[in-house]
Protein chains: 2
Amino acid sequence: MDEKKFCYKYPHPAVTTDCVIFGFDGTRLQVLLVQRGIEPYKGRWAFPGGFLKMDESCEQGALRELQEETGLTGAYIEQFHAFSDPNRDPRERVITIAYYALVKIQQVQGGDDADRADWFALDEVPPLAFDHDMILREALKRLRERIHFEPVGFELLPEKFTMKQLQNLYEAILDVRFDRRNFTKKMLHFNILTQLDETTRPTPKREAFLYSFNQESYNELKQKGFRLEF
Amino acid sequence: MDEKKFCYKYPHPAVTTDCVIFGFDGTRLQVLLVQRGIEPYKGRWAFPGGFLKMDESCEQGALRELQEETGLTGAYIEQFHAFSDPNRDPRERVITIAYYALVKIQQVQGGDDADRADWFALDEVPPLAFDHDMILREALKRLRERIHFEPVGFELLPEKFTMKQLQNLYEAILDVRFDRRNFTKKMLHFNILTQLDETTRPTPKREAFLYSFNQESYNELKQKGFRLEF
DNA sequence: ACTTTGCAGTGTAAAAATTACACAAAATAG
DNA sequence: CTATTTTGTGTAATTTTTACACTGCAAAGT
């Protein structure tokens, strides 16, 4: 049955949420893509997403989709743009509210769901469905801006991480290189890291200190109007 | 007639655009509000906005509303957030895509339209309709972040302005005070200002140099990967 | 057990940016 | 002509950023 029973006096667009899921493998930024099983763009890769329910906010919708696609709950998400070109979906007028999620990549199993899902390094992302190439570009742009004001990067790292991993992450996000010593100095200067007693044993080479993000110190800092300059 | 002739298989929310219009009077940031003539929230002030047409993007819709409400065309606008609480509009489910516009206040006539429209200084904004108080807070937050990366402030000033006005503007947006000499030094250092031959005659006190924003220099700077640190 | 290899930890000196700070010149009002 | 207000301007002290090289640890190979 193709019964159309939801009627309005004026035309309404459909509204979806899409979620650019960023992960970090220790060296490179990755995004989680799902392969479309149906037309349009059947077989193409795209960001997970879906139609918004009438009793949920966009944020709730994005979190629900995230849960459905990856099993993740309570991930860090942030809305970054609504894409609304009248022809962005060939089926009907669809506006999508786009979010990005920052997840700990180890917590997400790639590709053994019903839909094929897989992680792609940023420079190996294939051509995407709909306007998702543009969505990815914008997501990256916003993440890059965001990281200057908030220490969102830690969402992408495991609880315990080495200074090297942290540096790799910043370099990957901002696409720059830092001097190792200056990076360490600067990071420690913020006073938002706790140096743990543990190290990275076993390791093939010299062991490294592990750190964890100190949310409390950061909250204090933020209250003092501090700005994370990176 | 209350004929509902636009029908869909699944429920669709209504979509509007709202526009927070910022202006600058030389001292304080202002926003343009319109007083609602109909329920709900009849008599309350709100940001101009309206329903999105099916053949326009959100940006086009926001620009159209801006034109309809203020007569302004080609203003600087930027989308900053979609507000989607299921109960934000008592009539039906309405999602609004919110923009802010930066306009030269002299170019906009306040309040002699059909709708009453008026400028309000930021600290004199009355309680607003719908969730527009939240929309204003978010708009400000985004403008404040934005001004660290792009010289958007010039959109709020006349073509020719004094260093004092520019400083007032930055102070108003960021809610901080700068040292007059250091501010001048820093601004001139960016090399995006052209010092004009003219001054502010007549003036009650000593005349001041006029400057204009130099878009070309800025473009060059941006190409070199420069970041406007303010 | 000794050597090699690779990565981790660490400090200092130079350069650049930021801050703090004061006086003289222009214009008007009285 | 005096008082008042606002503008233009420079320098020294401090802080931040940058550039840069050696030693220690652990495992693997000999």
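Just so it is clear, the values below take in all heavy atoms, side chains as well, and ignore hydrogens, waters and symmetry mates. Just so we're on the same page: letters track the sequence lines, and every chain starts at 1.
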(message) Between A/E207 and A/K186, which residue's closest nucleotide on DNA chain D lies nearer the 5′ terminus?
(response) A/K186
(request) Ignoring hydrogens and angles, tell me if any N or O in the side chain of B/E155 forms a donor-acceptor pair with the backbone of B/V152 under 3.5 Å. (result) no
(message) Without decimals, in angstroms, what is the distance between A/H189 NE2 and D/dT18 P?
(response) 14 Å
(request) To the nearest Å, give me how far apart CG (A/L188) and C1' (C/dG11) are. (result) 14 Å
(request) Rounded off to whole Å, could you give me the CZ-to-C1' distance for the A/R206 and D/dG24 pair? (result) 5 Å
(message) Rounded to whole Å, please give me the gap between NZ in A/K164 and C1' in C/dT10.
(response) 16 Å
(request) May I have the distance from B/Q165 (atom CD) to D/dT6 (atom C1'), rounded to whole angstrom? (result) 14 Å
(message) Let's test your reading of the model: under 3.5 Å, does the base of D/dT17 pair with the side chain of A/K185 as donor and acceptor?
(response) no
(message) Is it the case that the side chain of A/S84 and the backbone of B/C58 share a donor-acceptor pair, with hydrogens and angles ignored and the cut-off at 3.5 Å?
(response) yes
(message) Rounded to whole Å, please give me the gap between CZ in A/F183 and P in C/dG9.
(response) 13 Å
(request) Would you kindly give the CE-to-C1' distance between A/M187 and D/dT17, to the nearest whole Å? (result) 15 Å
(request) Return yes if the base of D/dG8 and the side-chain atoms of B/R180 contain a donor-acceptor N/O pair under 3.5 Å, otherwise no. (result) yes
(request) Report yes if some heavy atom in the side chain of B/R146 is under 4.5 Å from a heavy atom in the side chain of B/Y100; otherwise report no. (result) yes
(request) May I have the distance from B/D179 (atom CG) to C/dT19 (atom P), rounded to whole angstrom? (result) 10 Å
(request) Answer whether the closest heavy-atom distance between the side chains of B/E138 and B/F83 falls below 4.5 Å. (result) yes
(message) Let me spell it out: for each of A/K205 and A/R181, pick the nucleotide of DNA chain C with the closest heavy atom. Which residue's pick is nearer the 5' end?
(response) A/K205
